[in-house]
There are 2 protein chains.
Amino acid sequence: MNVTIYDVAREANVSMATVSRVVNGNPNVKPATRKKVHDAIERLGYRPNAVARGLASKKTTTVGVIIPDISSIFFAELARGIEDIATMYNYNIILSNSDQNKDKEIHLINAMLGKQVDGLVFMGGKITDDHIREFKTASVPIALAATVDESGETPSVNINYEQAAYDATELLLSHNNEKVAFVSGPEDTVVNTQKLEGYKRAMKDQGHNPDQWIVTGDYSYDSGIEAFEQLMEMEDKPSAVFVSADEMALGVIHGAQDNGVRVPEDLEVFGFDNTRLATMVRPTLSTVVQPMYDIGAVAMRLLTKFMNKEEVEDQSVILPHRIIERNSTQQK
Amino acid sequence: MNVTIYDVAREANVSMATVSRVVNGNPNVKPATRKKVHDAIERLGYRPNAVARGLASKKTTTVGVIIPDISSIFFAELARGIEDIATMYNYNIILSNSDQNKDKEIHLINAMLGKQVDGLVFMGGKITDDHIREFKTASVPIALAATVDESGETPSVNINYEQAAYDATELLLSHNNEKVAFVSGPEDTVVNTQKLEGYKRAMKDQGHNPDQWIVTGDYSYDSGIEAFEQLMEMEDKPSAVFVSADEMALGVIHGAQDNGVRVPEDLEVFGFDNTRLATMVRPTLSTVVQPMYDIGAVAMRLLTKFMNKEEVEDQSVILPHRIIERNSTQQK
DNA sequence: GTGAAAGCGCTAACAC
DNA sequence: GTGTTAGCGCTTTCAC
């Protein structure tokens, strides 16, 4: 049997309420008895049972984190931001992978609520009405990270994907490229749709056909290679390509190089995210900086505010993005 | 207020014991009353409170996972293996980053035990006596993943790092390289020490000086670039280099290329791990295959066996490794 | 096949 | 400043 608060109370000759007080740092305890209790705790090797505490206090100091895939370089960075801030505020994290599968997502939300998490950070592709319904029954706060809820009902932290894609496309266009292609991600996520819209808006603003040079990948390196091949099969080949994720952009670069196409001389390549990969390729990748770690950190911070019932000015946080030019695009 | 088992019992006109039985799939319930209960659960939207259940049953169906850094491509892959198997066996995971800091590690172990995890998967650099002491007081099983306990007391899943490093070095040596360098990781971890020993043994076996071409990095890409520079400052320059991690190996490759040194013609480069990075570079990286996902998965599986008090034949699992030759080494 | 009741280890009034 | 006590929402004997 493990040692309980009652054992400590007996050992220290006080009541369990007093032990509870010193364990929880309640100031209303005489220093002398505080010491007695601490000594008893030390002697017995007492370790408070967080489950019992959770049942009695209705707070578990743990938050649920639903993530598409922790082995993705992108989400892992987000997760690190979330976990760091959680630790800072004394929360632990229950982490589960959803693979962006809606049924799994709904199931995970319920499993975590069953475990009485104090809050939830959710990352996913598309927030449906079913998600919203689950969130509403939750009775604990939720924050979305790098995930947009079009209804705007759920607190979230993002960048402006549409504008970021616009900026990237416009930069490519400003390099005298007439034909700028876009390698899209899976088409069923809101983030991707927004990127696509930003690309199209930039193309239209400069009087170009926005629909001619679009191919679709799945964010993977290999799909970048395939995307490059599709681009080269076009009769009217693009001279620049904006790729919706860095890893996929590396695939495009290597696909080009493997086929004797020089980057950036023959083809300019632009990425998205600024993962660590962007500097781990030659030429180094020009890309949109999305602050993954910060998005995770801010989302968790936002969640702590809700959990503490603090005032929150704006529940839809948009973090700034920026462009970083490296060597996969022409120097101006 | 949330709906409790008691509410369901009243709604269904049965006792809470019966509700508990149907919720837990106990067969000793008449189908008719089972249905009554299910209906009531549905009607009320009852969701069992796992915290209360945990307190009563002394099992939380959650396991703790202590990981150096979830944003590392290597550990993220391990974590995914752990989580997948955990899910398969109906466990959730509490995940925390330790940054390989001993105090944090010890603190996390205690925090997780306080949360009454049913078991613990630990990843770290060095298992000290202090760690072992914590593990012993745990009263729940522990499994190490990609982490070696030299005392052999703690169940673990690894590959044979010494032999893997030997194999890689020997392969380089077989390519008529007289001077094979080694880029070590931080020197205070057991895994790194074993790699170093494997390298030295292979060098000695072929009659070469095992101490002349060793430089130290920190597994990062940038430290790979630095390592290359150190190598080039040597008066007796190596013609091949075995790098103890893929990401660092990419740094070496790019360091070489940035300085006009051709890989593999002028310098052969060999990595370790076979992370996804190995194919995301030109030339593609020859490397030692360490099955990260499997190590995580097997460690978690091992832990489930201990948690179920199943028989375990061998508590120190060594998974096979292999060599994969790509284009950063000479074809034979 | 079902119910009653005693905990699980703690927190949080409330009393003194 | 400290003790008493009633829960928190379940599981688990033990009866019947």
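So you know, we letter chains A, B, ... as the sequences are listed, proteins then strands, and number each from 1. Here the structure is a predicted model, which is why all the values come from computation and not from measurement.
When distances run from any side-chain atom of Ile5(A) to the nucleotides dC10(C), dT2(C), dG3(D), the shortest one goes to dC10(C). The side chain of Thr4(B) has dG9(D) as its nearest neighbour among dC8(D), dC14(C), dG9(D). In this structure, of dG7(C), dT11(C), dG9(C), it is dG7(C) that holds the atom nearest to the side chain of Ala56(B).
For the atom pair Asp294(B) CG and Ile159(B) CD1, the distance stands at 11.5 Å (nearest 0.5 Å). His131(B) NE2 to Leu144(B) CG: the interatomic distance, rounded to the nearest 0.5 Å, is 9.5 Å. Remark: Asn158(A) CG to Gln194(A) CD distance equals 7.5 Å, nearest 0.5 Å.
A rotation axis mapping the C1' atoms of four pairs onto the next four is fitted at both ends of the helix from dG1(C)-dC16(D) to dC16(C)-dG1(D) over five pairs, and the angle between these axes is 30° to 10 degrees.
Regarding contacts with the backbone of dT11(C), a side-chain N or O of Ser20(A) is found under 4.0 angstrom from either OP1 or OP2. For Asn2(A) and dG9(C), the shortest distance from a side-chain N or O to OP1 or OP2 is not below 4.0 Å. In this model, the phosphate group of dG9(C) is approached by a side-chain N or O of Lys58(B) to a distance below 4.0 Å at OP1 or OP2.
One atom, NZ of Lys115(B), and another, P of dC10(C), lie 15 Å apart when rounded to the nearest Å. Following rounding to the nearest Å, Met16(B) (CE) and dG9(D) (C1') show an atom-to-atom distance of 7 Å. Distance Arg21(B) CZ to dT13(D) P: 11 Å, rounded to the nearest Å.
Using a 4.0 Å heavy-atom criterion, one finds that Thr18(B) contacts the sugar-phosphate atoms exclusively.
One cannot find a donor-acceptor pair under 3.5 Å joining the base of dG1(C) and the side-chain atoms of Arg34(B).
Checked by atom type, the side-chain pair Asn13(A)/Lys36(A) shows no donor-acceptor distance below 3.5 Å. There is no side-chain donor-acceptor pair under 3.5 Å between Asn308(B) and Thr304(B). A donor-acceptor contact closer than 3.5 angstrom links the side chains of Asn110(A) and Arg47(B). With 3.5 Å as the limit, one finds no donor-acceptor pair spanning the side chains of Glu11(B) and Tyr46(B).
A salt bridge links Arg80(A) and Asp84(A); the closest N-O separation between the charged side-chain nitrogens and carboxylate oxygens is under 4.0 Å. A salt bridge does not link Asp7(B) with Arg43(B): every distance from a Lys NZ or Arg NE/NH1/NH2 to an Asp or Glu carboxylate oxygen is 4.0 Å or more. Salt bridge status for Asp99(A) with Lys104(A): present, with a side-chain N to carboxylate O gap under 4.0 Å.
Between Glu150(B) and Val190(B) there is a side-chain heavy-atom pair separated by less than 4.5 Å.
Near-neighbour residues of DNA chain D inside residues 6-15 of chain B, defined by a heavy atom below 4.0 Å, are absent. The stretch residues 44-54 of chain A comes close to DNA chain C through Tyr46(A), Pro48(A), Asn49(A), Ala52(A), Arg53(A), each having a heavy atom under 4.0 Å from the strand. Listed by residue number, Asn28(B), Val29(B), Lys30(B), Thr33(B) are the residues of residues 26-33 of chain B with a heavy-atom contact under 4.0 Å to DNA chain C.
Ser151(A) is linked by a side-chain contact (heavy atoms from CB on, under 4.5 Å) to Ile132(A), Asp149(A), Glu153(A), counting only residues two or more places apart in sequence or in another chain. Residues satisfying the ring pair (Phe, Tyr, Trp, His ring centres under 6.0 Å) test with Phe135(B), not counting sequence neighbours, are Phe122(B).
Comparing Ala17(B) and Val19(A) along DNA chain C, the residue whose closest nucleotide (by nearest heavy atom) sits nearer the 5' end is Ala17(B).
Lys115(A) pairs in a side-chain hydrogen bond (donor to acceptor under 3.5 Å, both in side chains) with only one of the listed residues (Thr60(B), Asn92(B), Thr62(B), Asn49(B)), which is Asn92(B).
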